[in-house]
S.K.: 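Quick one: the structure is below, and I'll ask about it shortly.
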Protein chains: 2
Amino acid sequence: MNIHHKLKEKGLKITPQRLVVMEAIFQLNNHPSAENIIEYVKEKFPNISVATVYKVLDIFVEKGILKKVKTDKDVMRYEGYLERHHHLFCDETHQIKDFHNKELDAIIQNYFSKYKIKDFEIKDFQLNINGVFKAS
Amino acid sequence: MNIHHKLKEKGLKITPQRLVVMEAIFQLNNHPSAENIIEYVKEKFPNISVATVYKVLDIFVEKGILKKVKTDKDVMRYEGYLERHHHLFCDETHQIKDFHNKELDAIIQNYFSKYKIKDFEIKDFQLNINGVFKAS
DNA sequence: CTATGTAAAGATAATGATTCTCTTTTAGAA
DNA sequence: TTCTAAAAGAGAATCATTATCTTTACATAG
């Protein structure tokens, strides 16, 4: 489904600003910060307002088009990939990488299907994995 | 091990301000924010500076006496419980609760002992579990 | 017990990301 | 084409956090 459809579906107007923010997210596909996105967007759209970018990001998160990823450095990051996945956090560089593993998901899922948490209904889970990236 | 020892061990001076911040963390044991901590501390110590509290929190995190808890929403939170554990995040109230489960830890640990992530050395992991708290 | 060097606290300004307010513009339905 | 609500723009405001600079006090040694 393309972005035009997605906006329509969520009852949002299609504007050039929204399209370019979405483009930025997918081009800068390593969990960009608002600042990264603003920088990218200004190249194509020098007059866009910073507030507009924040508003677009906010409404996208609200409508489930994007997700926020928070780091322990306290800068908010955004991502457009919405399937269940986990994150690798580098202790040294603070880089974030996606980690996909259906097998592990199934193991955890399966565990929670047997072991219920008292007074809590699980909707979703993600694993934060801390460590360091090594050269291969 | 008490807090006096812990500070000594890390080469930190024992000051009333540090002791009261530590007390706040353990009294407000539900992942307090800096603001929560400042409020608590000011009761006993009206003249303490906000900057001091932040500095104490920072150095405690740096020395491994406290940990930061990252959430998708709002501000940074702190916790004094350092054993491996996970967090339950309430989608509705944004409450955070600790979740301990050695069995699940072992399952995940075991998985990672067999399945290595390419170019990444795992140091630790935590599970973020999203959902809603229900009355029992 | 006292002196002393240095780490820490205090006060407050600065920062910087994000949000708010208000005005103008525009997407898209009628 | 017109119209209206939604969105964009501009810039001030906010607010958590950090930085700077001065003063205080912990803790070691004499």
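Since this is a predicted model, take the numbers as computed values, not measurements. To find a chain, count down the sequence lines: A is the first, B the second, and so on, and within it residues start at 1.
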S.K.: I need the NZ-P distance between B:Lys55 and D:dT20, as an integer number of Å.
M.R.: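 My rounded result for the distance is 12 Å.
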S.K.: Answer yes if B:Tyr54 and B:Met76 sit in the same cluster of Ile, Leu, Val, Met, Phe, Trp and Tyr residues linked by side chain heavy atoms under 4.5 Å apart, and no otherwise.
M.R.: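 B:Tyr54 and B:Met76: one cluster.
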S.K.: Answer yes if B:Val69 and B:Leu88 sit in the same cluster of Ile, Leu, Val, Met, Phe, Trp and Tyr residues linked by side chain heavy atoms under 4.5 Å apart, and no otherwise.
M.R.: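 B:Val69 and B:Leu88: separate clusters.
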S.K.: Find out if a path of hydrophobic residues (ILVMFWY) with successive side-chain heavy-atom gaps under 4.5 Å connects B:Leu82 to B:Phe60.
M.R.: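 No, because B:Leu82 and B:Phe60 fall into different hydrophobic clusters, even though each may have its own neighbours under 4.5 Å.
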S.K.: To the nearest Å, give me how far apart CG (B:Asp58) and C1' (C:dA9) are.
M.R.: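 Distance check: B:Asp58 CG to C:dA9 C1' gives 15 Å.
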S.K.: Can you figure out which of C:dT12, C:dA9, D:dT17 approaches the side chain of B:Gln17 most closely?
M.R.: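 Of C:dT12, C:dA9, D:dT17, C:dA9 is nearest to the side chain of B:Gln17.
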S.K.: 5'-most contact on DNA chain D: A:Ile59 or B:Ser33, nearest heavy atom basis?
M.R.: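 Nearer the 5' end of the strand: A:Ile59.
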S.K.: How long is the line joining CG of B:Leu7 and P of C:dA7, in whole Å?
M.R.: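 So the two atoms are 16 Å apart, to the nearest Å.
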S.K.: Among A:Gln126, A:His100, A:His86, exactly one meets side chain to side chain donor-acceptor pair (under 3.5 Å) together with A:Asp105. Which residue is that?
M.R.: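 Between A:Asp105 and the candidates, side chain to side chain donor-acceptor pair (under 3.5 Å) is satisfied uniquely by A:His86.
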S.K.: Is B:Lys123 salt-bridged to A:Asp91, cutoff N-O under 4.0 Å?
M.R.: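 A:Asp91 and B:Lys123: not salt-bridged.
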S.K.: In terms of the nearest nucleotide of DNA chain C, which residue is placed more toward the 5' end: B:Gly11 or B:Val50?
M.R.: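 First, find each residue's nearest nucleotide; the 5'-ward one identifies B:Gly11.
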S.K.: Compare all side-chain heavy atoms of A:Ile59 with those of A:Lys10 and state whether any distance is below 4.5 angstrom.
M.R.: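 Contact flag for A:Ile59/A:Lys10 side chains = no.
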S.K.: Name the residue closer to the 5' end of DNA chain D, choosing between A:Arg18 and B:Pro16 according to the nucleotide with the nearest heavy atom.
M.R.: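 Whichever sits nearer the 5' end wins; that is A:Arg18.
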S.K.: What protein N or O atoms touch nucleotides 27-30 of chain D N or O atoms at under 3.5 angstrom, if any, and at what distances?
M.R.:
unit_1: D:dA27; atom_1: OP1; unit_2: B:Ile14; atom_2: N; d: 2.6

S.K.: Using five pairs at either end of the helix from C:dC1-D:dG30 to C:dA30-D:dT1, determine the angle between the two local helix axes and round it to 10 degrees.
M.R.: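 The angle, to the nearest 10 degrees, is 30°.
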S.K.: Rounded to the nearest angstrom, tell me the gap between atom NZ in B:Lys10 and atom C1' in C:dA8.
M.R.: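 Those two atoms, NZ and C1', are 19 Å apart.
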S.K.: Would a 4.5 Å heavy-atom cut-off, applied to side chains only, mark B:Ile14 and B:Lys8 as touching?
M.R.: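 Side-chain contact under 4.5 Å: yes.
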S.K.: Checking side chain to side chain donor-acceptor pair (under 3.5 Å) against A:His31, which of A:Lys97, A:Glu79, A:Gln95 comes through?
M.R.: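 It is A:Glu79; the other options fail the test.
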S.K.: Provide the closest heavy-atom pair for B:Leu127 versus A:Leu127 in the form atom of the first, atom of the second, distance.
M.R.: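 Closest approach of B:Leu127 to A:Leu127, heavy atoms only: CD1-CD1, 3.5 Å.
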S.K.: Heavy atoms within less than 4.0 Å of DNA chain C: which residues of residues 39-49 of chain B have one? Give them sorted by number.
M.R.: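 Those residues whose heavy atoms fall under 4.0 Å from DNA chain C, taken from residues 39-49 of chain B in numerical order, are B:Asn47, B:Ile48, B:Ser49.
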S.K.: Just so I know, are the side chains of B:Lys13 and B:Arg18 near enough to count as touching, which here means a heavy-atom distance under 4.5 Å?
M.R.: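 They are in side-chain contact.
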S.K.: According to a 4.5 Å side-chain heavy-atom criterion applied to Ile, Leu, Val, Met, Phe, Trp and Tyr, with indirect links allowed, do B:Leu19 and B:Leu12 form part of one hydrophobic cluster?
M.R.: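 B:Leu19 clusters together with B:Leu12.
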S.K.: Measure from CG on B:Leu57 to C1' on D:dT17 and round the result to the nearest Å.
M.R.: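 Computing the B:Leu57:CG to D:dT17:C1' distance gives 11 Å.
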S.K.: Starting from P on C:dA14, measure out to OH on B:Tyr54 and report it in whole angstrom.
M.R.: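 Whole-Å distance recorded here is 19 Å.
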S.K.: Find the distance A:Ile38:CD1 to C:dG16:P and express it as a whole number of Å.
M.R.: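 For the pair A:Ile38 CD1 and C:dG16 P, the rounded distance is 14 Å.
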